[in-house]
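First up is the structure itself, then whatever we jot down about it.
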Amino acid sequence: MPDNLAGPSIGSDIGIALSYLSQGFPVGIPTETVYGLAANALNPEAVQRVFRAKKRPDFDPLIVHVGRKSPLHQYAKELPRQAQQLIEAFWPGPLTLLLPKTTLIPDIVSSGLERVGLRMPNHPLTLELLDKTGFPLAAPSANLFGYISPTQASHVREAFGLEVPYVLDGGPCSIGLESTILGFESGQAVVYRWGGIELSDLTEVLGYVPQVKVKAEEHPAAPGMLARHYAPKTPLTLLNENEDWPLATERAGIILPFQEPLPAEHSVWVLSESGDPFEVARRWYAVLREADSAGLTRIYVRMVGPDVPFSQALNDKFLRAAESN
Ligand code: TXA
Ligand code: MG
C-alpha cells in the first residue's frame, strides 16, 4: 500500500532530492543541528514555496547553506578576517555567520535585510548534495512556524503535505539544537542566537568575548529570538535547578535533563540517564514532541545549571517553549 499519500516520501536518494530541488520544489534535508526545509537559494520562486509551506512570515529570513566548493565571495560582499577564522575553526558545523550580501542572493532570502546568514552544515548526505547542486540551499528548520524543531525525517513528514515532495533521511540529528548565529557590528562579533557552538569556543578563536544580543524583541535581528518559539501546544512551566516538585493537581508530565528521584504521580522523561549533556541536547526536541502528544494538561521542564555544557542554548530553548504560558 502506498504510504506517502499524506506527506512527502522519505529516502536517502540524493539524486531524487537533487531533481526536485532543481525543479524548484522544497526538500527536507538532514543537518547535524535540526532538519531543514531546503530550496535553491538563488531562485526566488523556489524560496517562496518554503515560506508558504512553513507558514512563515516574510520578515523572518532564511539561512543559506553552502558546501565545500561553494564560492562564498559570490554570496557575501565581505569576508572579514574574523569571519574567516571562525569558518576555519567551525565549518562544517553549527555556526551561522551574518555577512553583507551580494545582489546574487534574492531579497526574499534575507527578508530585505542587508546581511545574509551563511552556514556549512556538517552532515555527509547534505554536504554531498551541496557538492552536486551548483546552487546554495536556503533552509529554515523544517517545522511549521513556531512549533517544535524537527530532529528526525519523520518529524518533517508529519509537518508537511505534498507541497514538500521528498525528505532526505540522514537519521537523527547528532547535535539536536540549532546553529549559533553570529554577526559583526563595528568590527566586533555579536551573538544573536545561542546554539551548537558555545560562547567559550567563540572566545577562544576570536581572542575576546563577543557581545551577546540574544533577547526577545519586537523587531528582532534574528526572529529565532521571538519570545515564543520552538514551542509545544501543551502549556509548559519551567522549574529552576533546585525548585521543588509541583503538587500533582493536574495531569502533568515532567521533562528532566538528568536523573533525579522521581515522583510517582507524574509522567517523567529523563533526557540523559547517563548524565551526558550532549544527549540532553540531542533528545530535547523529540522528547518535547512526545510529551506534547501525551494528552497532558501541563509539561514541567527542569532547567540546567550554568556549568552544564550548552546550558545557555538549552535554557534558552526551554524558556522559549514556556514563554507566555
Ligand atoms: O541550525 C540551523 O541553523 C538550522 C539548520 C536547518 O541549518 N536552521 C535554522 O533556521 O534554525 P531557522 O530559519 O529556523 O532559524 C534561522 C534564524 C531565524 O531566527 C532567522 O531570523 C535568522 O536565523 N536569520 C537568518 N538570516 C538572517 C539574517 N540575514 N539576518 C538576521 N537573522 C537571520
Ligand atoms: Mg526554526
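Counting starts at 1 for both ligands and their atoms, in listed order.
Atoms of ligand 1 lying under 4.0 Å from at least one heavy atom of His65, given by number and element, are 5 (C), 6 (C), 7 (O). Close approach to Ile181 involves these atoms of ligand 1, each under 4.0 Å from a residue heavy atom: 17 (C), 22 (C), 23 (O). For ligand 1 and Glu178, the ligand atoms under 4.0 Å from any heavy atom of the residue are 1 (O), 11 (O). The ligand atoms of ligand 1 that sit less than 4.0 angstrom from a heavy atom of Asp60 are 18 (C), 19 (O), 20 (C), 21 (O). Remark: ligand 1 atoms within the under-4.0 Å shell around heavy atoms of Ser141 are 8 (N), 9 (C), 10 (O), 12 (P), 13 (O), 14 (O). Shown in contact with Arg115 at under 4.0 Å from a heavy atom are these atoms of ligand 1, numbered in order with element: 28 (C), 29 (N). Atom numbering of ligand 1 starts at 1 in the shown order; those under 4.0 Å from a heavy atom of Pro140 are 10 (O), 12 (P), 13 (O).
Looking at residues two or more places apart in sequence or on another chain, you find a side-chain contact (heavy atoms from CB on, under 4.5 Å) between Ile16 and Asp13, Tyr20, Tyr166.
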Would you tabulate the side-chain donor-acceptor contacts of residues 41-48 under 3.5 Å, counting partners in other chains and residues two or more places apart, or write 'none'?
unit_1	atom_1	unit_2	atom_2	d
Asn43	OD1	Glu45	N	3.0
Asn43	OD1	Ala46	N	3.2

Criterion side-chain contact (heavy atoms from CB on, under 4.5 Å) on Ser272 and Arg283, from CA distance to verdict
CA-CA 8 Å; Ser272 177; Arg283 294 189 63 221; over 6 Å; no
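With hydrogens and angles left out, the side-chain atoms of Arg193 and Ser179 include a donor and acceptor closer than 3.5 Å. Ser110 and Glu114 share no side-chain donor-acceptor pair at under 3.5 Å. For the 3.5 Å distance criterion, the side chains of Glu290 and Tyr285 fail to qualify, holding no donor opposite an acceptor. In the model, Ser141 has a side-chain atom that pairs as donor or acceptor with a side-chain atom of Asn143 under 3.5 Å.
Under 4.0 angstrom from ligand 1, the non-hydrogen atoms of Arg56 all belong to its side chain. Contacts between Arg119 and ligand 1, counted as non-hydrogen atom pairs separated by less than 4.0 Å, involve the side chain only.
Of the listed options Asn143, Leu118, Leu98, Leu98 places a heavy atom closest to atom 28 (C) of ligand 1. Here atom 25 (C) of ligand 1 lies nearest to Pro61 when heavy atoms of Gly117, Pro61, Ser179 are compared.
Judged by a 6.0 Å distance limit and a 45° cone about the ring axis, Lys317 is not positioned over the six-membered ring of Phe310.
In summary, Ser149 places no N/O/S atom under 2.8 Å from the Mg ion (ligand 2), failing the contact criterion.
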